[in-house]
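Atoms considered below: every heavy atom in the structure, side chains included; atoms not considered: hydrogens, waters and symmetry mates. All chains are named by letter (A, B, ...) in the order of the sequence lines, taking the proteins before the strands, and each is independently numbered beginning at 1.
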Amino acid sequence: MSALMSLSKLLTRDTLQEMTPENLEATVRRSSRNGLAPKRLQYSPEEETPKKKRKTKAVAENGSQNKKPKDEEDAENNDVEHAPEEYGRLSAYELERLENIRQNQAFLSSINLFQATEEFKQLTRPKPSQRGLTRAHAAVKEVLPPRKSLRLQKKEAEILELPPEPRGTLIYEQSSPAKKPSGPLPMDPVNVEEGSKLPPQLLELCSEDAKEDKKIQLDLKGYRSSVKNMKINEDKVAKVVKDRIFSATFHPCTSSLLLAAGDKWGKVGLWKLGGDWGDDGVLLFQPHTRPVGCMAFSRSHPTQLLSLSYDGSLRCMDVEKAVFDDVYDIEDGLKTFDFMSHDCSTLVVGNWYGEVAIVDRRTPGNSHESLHTLDPKTLRCVNVHPLQKQYFVVAESKVVSIYDSRNLKKTKSQAVSQLHGHSLSISSAYFSPCTGNRVLTSCMDNNIRIYDTSTMTTKSPLLTTIRHDMQTGRWLTKLSAVWDPKQEDCFVVGSMMKPRRVQVFHESGQLQHSFMDSENLSTVLSVTAFHPTRNALLGGNASGRLHVFSD
DNA sequence: AAAGCATGCCACC
DNA sequence: TGGTGGCCCTGCTT
């Protein structure tokens, strides 16, 4: 009996998508051992990779955690494994019934249900939202005059010299557009008619005083219900930039939802939900030429959006002045920044050579002092303590360090505290939003970790470890867990699980909610962020679409 | 329409 | 250490 049952159970569970790659693997293993549909129940290409990934050292070490206890597994298989020996005692009716079941199984296997369900899901997958940037705008093609060869023009061919061999190791330099010149860039949207002015409502909205941060900490139950109330619909998805989103943020205003996203080719899109300017409320700009790794609105001057790019530029979009001003600039390789003061005038900026710079926006030029980390080329995230602004946390290669900006040296600065336990590279590290008593990290070893930084001792203790598939691969922005600024102890993170979802966890590791929607959420949302004051959550995907869950 | 292509990551050897 | 191979989304082109 259980042959068909476990098959149907498997399919049902898969359809319900309560399955992690781990327990899927376990179920498949069980089914194969029982001689059920051994071939057909192999991984579809989609499911195959998590298994392969588990070959990595860190995962292999912890892999056993995910297996069910053996007796539980055996209990589930009991009737199957003993069935053959019992055949002799069965009535003719029962034998016939078993034979029917066997034939049904063979049939089900032969039609390749597993693959079929995957294909069905592909077929029924909703079309991406057509809101926001239109295709015409997304791919602006230059209209070139018709070309005629010299031969057709009946002219003598010129002797052309080959361009010099490109030098340097950066192959991207050949293909990517040149970096924007320094100095203020006019804030001209690239997706609306040339010469048209910024909509006046944008300035109005951006100028809106950020409501006094009344951080009313809810109890967990209250928080859960507020989060469960947040929904998505077709009006809350739009293509805001052309390509893969690297960073995104909410504007702090509350009368409308205004969002910004930065993409792989240095574009920055602004989107007001329900807005009537641009493409469905979307305005697109190009202040940079390579990925916009980090962006944030100034809390003291909300008409300003700071954006940082791998191309080495850090700019300040000022809606009032309608320009992108220079803030800081190096040749190449800016990675991350955070505000160091409440007035947002000083910043800590990190590059991928492992240096951090303290930048004061009030003094012109690159006035900064540098800190050289022990592990060059591994700095991925900096984040400033919410209360004690002299402290900032740095995700280095396999260790997270907390530094005191007052005690920085040119090299070999002493960390105030270190967070140990990561076995692979760390993609992000953030102080908890209200007290800074916790640091939340996301690591390529497939773990999210929470540390206790309340005492700031030389070694901050690890409190919680949460297993989470971080293998986004090359084409997706890496996942990072980020706190809800309204709730000291809860955070949000994207997920690779199908159906696609965004998860909210408590610092204890307890899952609070999974945001899902068969119609409007069908892709991995790598970039996630909560609104600073409203019940709203954003998620950005690899095709430039922003998704909003709100109440 | 199905298939192919492009694609700024990481860990491992 | 640099080179290599696997990651496996999405949108657009052929």
Side-chain angles (χ1 to χ4, degrees), chain A residues 21 43-61 118-119 121-123 125-130 132-141 168-177 179 237 239 241-247 262-267 288-294 308-312 332-336 351-352 375-378 380 395 397-398 422-428 442-446 469-480 494-500 521-527 539-545 547:
Chain A
Y43 286 93
S44 66
E46 260 171 9
E47 307 292 351
E48 198 158 26
T49 33
K51 184 180 169 186
K52 283 185 188 164
K53 272 174 227 149
R54 269 147 237 293
K55 280 181 195 162
T56 64
K57 201 173 132 219
V59 184
E61 279 167 11
E118 283 307 310
E119 282 165 6
K121 275 184 258 167
Q122 287 293 314
L123 284 173
R125 185 160 143 176
K127 265 196 178 159
S129 160
Q130 297 307 299
L133 299 177
T134 60
R135 201 171 150 174
H137 289 135
V140 182
K141 286 217 171 123
T169 48
L170 289 176
I171 49 160
Y172 315 106
E173 277 182 313
Q174 303 166 38
S175 50
S176 58
K179 192 170 158 178
V237 183
K239 188 155 173 124
V241 281
K242 193 189 154 189
D243 223 301
R244 170 176 155 194
I245 293 178
F246 273 67
S247 56
D263 81 353
K264 196 174 63 180
W265 294 112
K267 293 198 166 62
H288 309 282
T289 54
R290 286 174 46 204
V292 184
C294 193
L308 167 150
S309 169
Y310 294 5
D311 70 14
D332 171 69
L334 284 187
K335 188 77 186 168
T336 170
N351 63 38
W352 60 29
D375 273 311
K377 294 202 176 193
T378 54
R380 288 181 174 89
S397 81
K398 279 168 193 169
H422 303 89
S423 63
L424 290 177
S425 63
I426 302 152
S427 6
S428 65
S442 308
C443 182
M444 293 304 291
D445 66 11
N446 293 331
D469 183 3
M470 295 291 182
Q471 310 304 310
T472 40
R474 184 177 177 185
W475 297 283
L476 294 184
T477 301
K478 276 179 291 182
L479 303 175
S480 21
S495 168
M496 300 294 287
M497 283 173 83
K498 288 187 170 187
R500 301 310 186 187
L521 170 50
S522 57
T523 60
V524 174
L525 301 185
S526 295
V527 180
N541 75 5
S543 64
R545 290 191 166 82
H547 302 63

Q: Figure out the CG/P separation between A:Leu424 and C:dC7, and round it to whole Å.
A: 16 Å
Q) For A:His422 and B:dC10, what is the distance between atoms NE2 and C1' respectively, to the nearest whole Å? A) 17 Å
Q | Partner of A:Gln471 under side-chain contact (heavy atoms from CB on, under 4.5 Å), chosen from A:Asn446, A:Leu476, A:Leu479 | A | A:Asn446
Q) For A:Gln471 and B:dA11, what is the distance between atoms CD and P respectively, to the nearest whole Å? A) 8 Å
Q: Quick one: list whatever passes salt bridge (charged side-chain N to carboxylate O under 4.0 Å, His left out) with A:Lys264, sequence neighbours left out.
A: A:Asp243
Q: Would you tell me if any nitrogen or oxygen in the side chain of A:Ser543 comes within less than 4.0 Å of OP1 or OP2 on C:dG11?
A: yes
Q) Taking CZ from A:Arg474 and P from B:dG8, how many angstroms apart are they, rounded to a whole number? A) 7 Å
Q) Salt bridge between A:Asp332 and A:Arg290, side-chain N to carboxylate O under 4.0 Å? A) yes
Q. Could you give the CE-to-P distance, from A:Met496 to C:dC9, as a whole number of Å?
A. 6 Å
Q: Indicate yes or no for a side-chain donor-acceptor contact from A:Thr477 to the backbone of A:Ile245 under 3.5 Å, with no hydrogens or angles considered.
A: yes
**Q.** Minimum-distance nucleotide (side-chain atoms of A:Thr523 versus C:dC9, B:dC9, B:dC10)
**A.** C:dC9
Q) Backbone N or O of A:Asn541 within a donor-acceptor pair of the A:Ser526 side chain at under 3.5 Å? A) no
(Q) To check you understand the geometry: which heavy-atom pair defines the closest contact between A:Val241 and A:Lys239, and what is its length? (A) O-CG, 3.4 Å
Q. Going through the distances and angles, do A:Thr336 and A:Arg380 end up as a side-chain contact (heavy atoms from CB on, under 4.5 Å)?
A. CA-CA 7 Å; A:Thr336 170; A:Arg380 288 181 174 89; over 6 Å; no
Q. Using the P atom in both, what is the distance from B:dT7 to C:dT14, to the nearest Å?
A. 14 Å
Q | Heavy-atom side-chain proximity of A:Leu525 to A:Arg500 below 4.5 angstrom | A | no
**Q.** Interatomic distance where CZ belongs to A:Arg500 and P belongs to C:dT10 [whole Å]
**A.** 6 Å
Q) Between atom CG in A:Leu476 and atom P in B:dC9, what is the gap in whole Å? A) 10 Å
(Q) Among B:dT7, B:dC10, C:dG11, which nucleotide has an atom closest to any side-chain atom of A:Lys264? (A) B:dT7
Q) What integer distance in Å separates A:Arg244:CZ from B:dC5:P? A) 20 Å
Q. Which of these nucleotides, B:dC10, C:dC9, B:dC9, is closest to any side-chain atom of A:Phe246?
A. B:dC9
Q: Side chain of A:Lys478 only, please: which of C:dC9, B:dC9, B:dC10 is the nearest?
A: B:dC10
Q) Where each pair must be Watson-Crick or G-U wobble with both distances under 3.5 Å, what dot-bracket representation of DNA chain B is obtained, with crossing pairs in [ ] and other-strand partners as |? A) .|||||..|||||
Q: Among C:dG11, C:dC9, B:dC9, find the nucleotide with the atom closest to the side chain of A:Pro128.
A: C:dG11
Q. For the base of C:dT10, is there a side-chain donor-acceptor partner from A:Trp475 under 3.5 Å away?
A. no
(Q) The side chain of A:Met444 is closest to which nucleotide in this list: B:dC10, C:dC12, C:dT10? (A) B:dC10
Q: Could you check which of C:dC9, B:dG8, B:dA11 has an atom nearest any side-chain atom of A:Ser425?
A: B:dA11
Q: Report yes if at least one side-chain N or O of A:Arg290 is closer than 4.0 Å to OP1 or OP2 of B:dT7; otherwise report no.
A: no
